[in-house]
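The structure under discussion appears below in the form of C-alpha cells.
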Amino acid sequence: MSSGKGGELIPSSSELDLDRPNIEDYLPSGSSIQEPLGKLRLCDLLDISPTLTEAAGAIVDDSFTRCFKSNPPEPWNWNVYLFPLWCCGVVIRYLILFPVRVIVLTVGWIIFLSCFIPVHLLLKGHDKLQKNMERALVELICSFFVASWTGVINYHGPRPSMRPKQVFVANHTSMIDFIILEQMSSFAVIMQKHPGWVGLLQSTILESVGCIWFNRTEAKDRETVTKKLREHSQGVDNNPLLIFPEGTCVNNQYSVMFKKGAFELGCTICPIAIKYNKIFVDAFWNSRKQSFTMHLLQLMTSWAVVCDVWYLEPQNLRPDETPIEFAERVRDIISVRAGLKKVPWDGYLKYSRPSPKHRERKQQSFAESVLRRLEEN
C-alpha cells in the first residue's frame, strides 16, 4: 500500500487485483486508517506474524509435497579413491547384471505364457481347477519379477489365508508392492486403471485372479467399485482382497489419510506394513514424472531391492468406532510398524487442486482478522 494525503492508506492496483476476493468484500465502504507516518509499531508486526509464519512454513517445510518427493541417498563417490569403485559398479550393474536380469524375466514370461494361455483357453468349464492353476501361474510370474530386481524380501508373520469377509490393507509406495505381496499369496487387488502394456496386463492376466480396476476421474466408478468390493468380500472361493487405502504412491517415509471404503465393508481388516530399504535403490514410483517401464529399468539396474513385509494382527470395527476412526487406527498400526510419519493429508490432492470451499475458509479467516484490527483502531 502507498500513503496518500492525510496519512490515508491507498492500495496499489496490483494489490487490489490480488486481494479483492479476500478482503474488499468484507470491508466497509469509505473506511480509512490514520497512521503516523514513518513509524512501524510492534503490534502491527504481531498482527501479521501468524500469516507470515504460515506462508513461510508452507514454502520451507511443505509436509504435503514431501510425501511425494523422491529422496535419493547422498552420493558417496566424491573422492579419487571411491570414484573408480563406483565406475566398476556401474559396469557390473549395466553390462553384467542387467542383461542377466533381462534374460531371467524373458524366460519367466515364456514359461508363464506357454502355460497360462492353454490353461485359460482349454480349462473353461472347470472353474475351480482353472482358478487354482491361474493363481499359481500369477504367483510364478511375480516371483520372476522379484528375481529380476535381485529382490531381498523378508516376510514377517503368518501368511494370509483364504477366508470370506477378510480384507488386507497396506501402505503404498509403488506398483511393485502388489508384485511383492502377490508372489507369496494370490490377492485380488483394487487398483487404478493404467494405460499401455500395464493396462493390457490388467485387463487380461490379472483379471483372472479377480482384480478390480477403477478410474479415479470417473465418479460413477466409485459406486461400481464399492458394489464389486462387497460382492467379492462375501465370496468363499475368491482371492483375498488387497487394498491400498492411501489411494496413491507415497515415498515410504510418510503415510497419508486412508480412504474409508475398505473399512465400511463389515469385514475383518488385516494390516500389512511394507518398508523399503534405500541402501541400493529408492523403490518409490512417482507416476507423474516417470513411467512404470522406466521405474522397472531403474530397479533392474540397481544392485538389489531390499524390503521388509509384516503381516500384522487382524483388526475389527469396535462398537463405539466410526469407519473413519477405524481407518485411522489401522493407519497408526501400519505406520508404527513400518516407521512412517503420519500426516493429515488426502493423497488425492496430488491429482487435484484444493476445493473452493477450503480457499474460501482461509480467505474468510484472514478477512475477519483484518476487520478486527480495523475496529480496534
Taking side chain as C-beta onward, heavy atoms only, is V146 less than 4.5 Å from W149?
-> yes

Are side-chain heavy atoms of I334 and V169 found at a separation under 4.5 Å?
-> yes

So, E325 and R318, do they make that salt bridge, N to O below 4.0 Å?
-> no

In terms of ring plane angle, is the pair H295 and W285 parallel, tilted or perpendicular, where the classes change at 30° and 60°?
-> parallel

Nearest heavy-atom approach of V119 to M133 is CG2-CE, 3.7 Å

Is it true that a side-chain atom of K275 and a backbone atom of N252 form a donor plus acceptor pair closer than 3.5 Å?
-> yes

Nearest heavy-atom pair of Q298 and V281: which atoms, and what distance?
-> NE2-CG2, 4.0 Å

Can you name the nearest heavy-atom pair linking C115 to P118, along with the distance?
-> O-CD, 3.3 Å

Any donor and acceptor pair, going by atom type alone, linking the side chain of R337 with main-chain N or O of L312 inside 3.5 Å?
-> no

Sidechain-backbone polar pair: S335 side chain, D332 backbone, donor-acceptor under 3.5 Å = no

Do V336 and V309 share a hydrophobic cluster, counting only Ile, Leu, Val, Met, Phe, Trp and Tyr and linking them when any side-chain heavy atoms are less than 4.5 Å apart?
-> no

Using a 4.5 Å cut-off on heavy atoms from C-beta on, say whether the side chain of F280 contacts that of V305.
-> no

So if you build clusters from Ile, Leu, Val, Met, Phe, Trp, Tyr with side-chain heavy-atom gaps below 4.5 Å, do I92 and I103 land together?
-> no

Compute whether any side-chain donor of one residue and acceptor of the other, for S186 and E139, lie under 3.5 angstrom apart.
-> yes

Between the OG atom in S174 and the CD1 atom in I179, the distance rounded to the nearest 0.5 Å is 7.5 Å

So CG of N132 and CG of L123: to nearest 0.5 Å the spacing works out to 10.5 Å

Residues K131, E134: salt bridge by 4.0 Å N-O rule | no

Starting from the C-alpha separation in whole Å, work towards a yes-or-no answer on side-chain contact (heavy atoms from CB on, under 4.5 Å) for C270 and Y311.
-> CA-CA 7 Å; C270 302; Y311 297 106; over 6 Å; no

Distance (rounded to the nearest 0.5 Å) between S143 OG and E182 CD = 10.0 Å

Non-hydrogen atoms of P314 and P271 that approach each other most closely | CA-CD, 4.2 Å

Taking atom types as modelled, find out whether D177 and Y276 have a side-chain donor-acceptor pair closer than 3.5 angstrom.
-> yes

To the nearest 0.5 angstrom, please state how far the CG atom of L296 sits from the CZ atom of F145.
-> 6.0 Å

Answer yes if L265 and L317 sit in the same cluster of Ile, Leu, Val, Met, Phe, Trp and Tyr residues linked by side chain heavy atoms under 4.5 Å apart, and no otherwise.
-> yes

Closest approach of T150 to R101 (non-hydrogen atoms, all atoms of both residues) = OG1-NH2, 2.7 Å

Closest heavy-atom pair, K278 versus N251, reported as atoms and distance to 0.1 Å, is NZ-O, 4.1 Å

Pair F116 + F112: ring centers closer than 6.0 Å | yes

Would you say I324 has more than 12 foreign heavy atoms packed within less than 6.0 Å of its CD1?
-> no

Side-chain contact, heavy-atom cut-off 4.5 Å: F263 with V167?
-> no

Backbone N or O of T301 within a donor-acceptor pair of the R93 side chain at under 3.5 Å?
-> yes

Side-chain contact test, heavy atoms from C-beta onward, threshold under 4.5 Å: evaluate it for L181 versus I272 and give yes or no.
-> yes

Contact check, side chains of I111 and L140, non-hydrogen atoms, under 4.5 Å | yes

From K342 NZ over to F258 CZ, what is the distance, rounded to the nearest 0.5 angstrom?
-> 9.0 Å

What about F168 and F187, are their ring centers closer than 6.0 Å?
-> yes

Trace of the side-chain contact (heavy atoms from CB on, under 4.5 Å) decision for I274 with T173 | CA-CA 8 Å; I274 305 173; T173 305; 5.5 Å; no

Do the non-hydrogen side-chain atoms of F144 and W109 ever get within less than 4.5 Å of each other?
-> no

Working to the nearest 0.5 Å, report the span between NZ of K165 and SG of C267.
-> 6.0 Å

State plainly whether one hydrophobic cluster holds both M175 and L297, where clusters connect Ile, Leu, Val, Met, Phe, Trp and Tyr through side-chain heavy atoms under 4.5 angstrom apart.
-> yes

Taking the side chain as C-beta and beyond, is there a heavy-atom pair between N171 and V250 under 4.5 Å?
-> no

Would you indicate whether K260, at its atom NZ, is surrounded by more than 12 heavy atoms from other residues, nucleotides or ligands within a distance under 6.0 Å?
-> no

Report yes or no: do V100 and W303 belong to one cluster of Ile/Leu/Val/Met/Phe/Trp/Tyr joined by side chain heavy-atom distances under 4.5 Å?
-> no

State whether a side-chain donor-acceptor pair under 3.5 Å links E246 with Y254.
-> no

